[in-house]
Protein chains: 2
Amino acid sequence: MSRQQLLTRLKTKGYKLTQQRQQILEILLTTTSRLSALEVHRLLQKRQVKISLDTVYRNLRLLVEIGALQQISLQSGAVYELVQQDQLHSHVICVDCEKVVCIPAGPALQNSMELAGAAGFTILSHNMEIYGRCSGCSNNNSDC
Amino acid sequence: MSRQQLLTRLKTKGYKLTQQRQQILEILLTTTSRLSALEVHRLLQKRQVKISLDTVYRNLRLLVEIGALQQISLQSGAVYELVQQDQLHSHVICVDCEKVVCIPAGPALQNSMELAGAAGFTILSHNMEIYGRCSGCSNNNSDC
DNA sequence: AATGTAAATAAGAATATTATTATTTAGCAA
DNA sequence: TTGCTAAATAATAATATTCTTATTTACATT
């Protein structure tokens, strides 16, 4: 999701573009790895941005709600990544080492979204996680 | 998932059947609504069962991990329900009133599970949530 | 540019959830 | 039955996340 798309989506939904929100978006747009709320907060502090941790949490939640971010629930906490509209995917998560692998979710999702729509819902976002054990952890690889 | 299936699955995975665990299962098997960890704990205390909240959390997490429970992440916290193997479903959640509606997930899941398997994962459980706004909340029904 | 207003923030309090460690227990095997 | 051992529990302590309220800010409109 591009910077322009994010800004448009926020404005459309009636949300303001505060300094803090802008800075959070900047982090998300320029970081490739998945980030936790705490990590976003730390990165912002490194950049001398004054922002409360609570605000980071609140905004990440908001961005999930409007479908801009995808949330991944790990044992160690939640992490976030920008939604890639051209490449919708689900996550497979290793319960031991927390490795995350993406798998395409196109058709699977399509069907579900339609059913949700039929139930009278206006869909905002979605989240699909599959939990398992990766081959490394199944074989007790210590370096996994 | 039946009592027998639960017990078998625990034993198969090498887990013990403690008094506390047994009582948690009892609650899950005899309650139809979805429960939070706190609610399970309260219900147990009503039954004079001595158990720490921590143990409830730990066991619910374990039961999710072995695929006996399905976890639903609401804004107000996580709730749990027994997996219905003959009726696999996903959840559609209203971001305003937290109403939860089930939709069948068979084919959608099938495809994803295969992809996860192909990635080398041994699959333990899964979780699919679709977030949106129900018709009531879209129309600002106060009683929604 | 000044103003009104809904939305957003900060600060700190409150909850929810998870980790640590010493002690206890289930279930197997002698 | 008794003893053994891995697993489980309880009791904190520590984190993660959310809520409350007073104050500040974006931005639409004058």
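Labels below follow one simple rule: chain letters A, B, ... track the order of the sequence lines, proteins then strands, and each chain is numbered from 1.
Straight-line distance from the CG atom of B:L38 to the P atom of D:dT18: 16 Å, rounded to whole Å. A straight line from CD of A:Q22 to P of C:dT9 spans 12 Å, rounded to a whole angstrom. Atom CZ of A:R61 and atom C1' of D:dT18 are 6 Å apart (whole Å). D:dC19 atom P lies 14 Å from atom CG of A:L53, rounded to whole Å. A:H41 places its NE2 atom 13 Å from the P atom of D:dA16, with the value rounded to the nearest Å. The CD1 atom of B:I51 sits 18 Å away from the P atom of C:dT24 (whole-angstrom rounding). Residue A:L25 contributes atom CG, which lies 15 Å from atom C1' of D:dA26 at whole-angstrom precision. In this structure, CG of A:L35 is placed 13 Å from P of D:dT17, rounded to the nearest angstrom.
A donor-acceptor contact under 3.5 angstrom links the side chains of A:Q110 and A:E114, judged on distance only. There is a side-chain donor-acceptor pair under 3.5 Å between A:H91 and A:E81. A:R9 and A:T12 share no side-chain donor-acceptor pair at under 3.5 Å.
If you check every strand for non-hydrogen atoms under 4.0 Å, A:A78 touches sugar and phosphate atoms only. Within the 4.0 angstrom heavy-atom criterion, base atoms lie near A:R58.
Between B:K13 and B:E65 there is no salt bridge, since no side-chain nitrogen of the basic residue lies less than 4.0 Å from a carboxylate oxygen of the acidic one.
OP1 or OP2 of C:dA10 lies within a sub-4.0 Å distance of a side-chain N or O belonging to A:T55. Taking side-chain N and O atoms only, A:Y57 has no distance below 4.0 Å to OP1 or OP2 of D:dT18.
Side-chain contact between B:H89 and B:Q70: present, with at least one pair of heavy atoms (C-beta onward) separated by less than 4.5 Å.
Listed nucleotides C:dA26, C:dA8, C:dA16 differ in distance to B:T18; the shortest reach to its side chain belongs to C:dA26. Residue A:Q20 has its side chain nearest to C:dT9 when only C:dA16, C:dG27, C:dT9 are considered. Which of D:dA7, C:dA19, C:dA16 sits closest to the side chain of B:K16 comes down to D:dA7.
Between the side chain of A:K50 and the base of C:dA10, no donor-acceptor pair of N or O atoms lies under 3.5 Å. A donor and an acceptor atom never sit less than 3.5 Å apart when one is taken from the side chain of B:N59 and the other from the base of D:dA8.
Residue A:L62 is the one, among A:S76 and A:L62, whose nearest nucleotide of DNA chain C lies closer to the 5' end (criterion: closest heavy atom). Take the nearest nucleotide of DNA chain D for B:D54 and for B:R21: the residue whose nucleotide is more 5' is B:R21.
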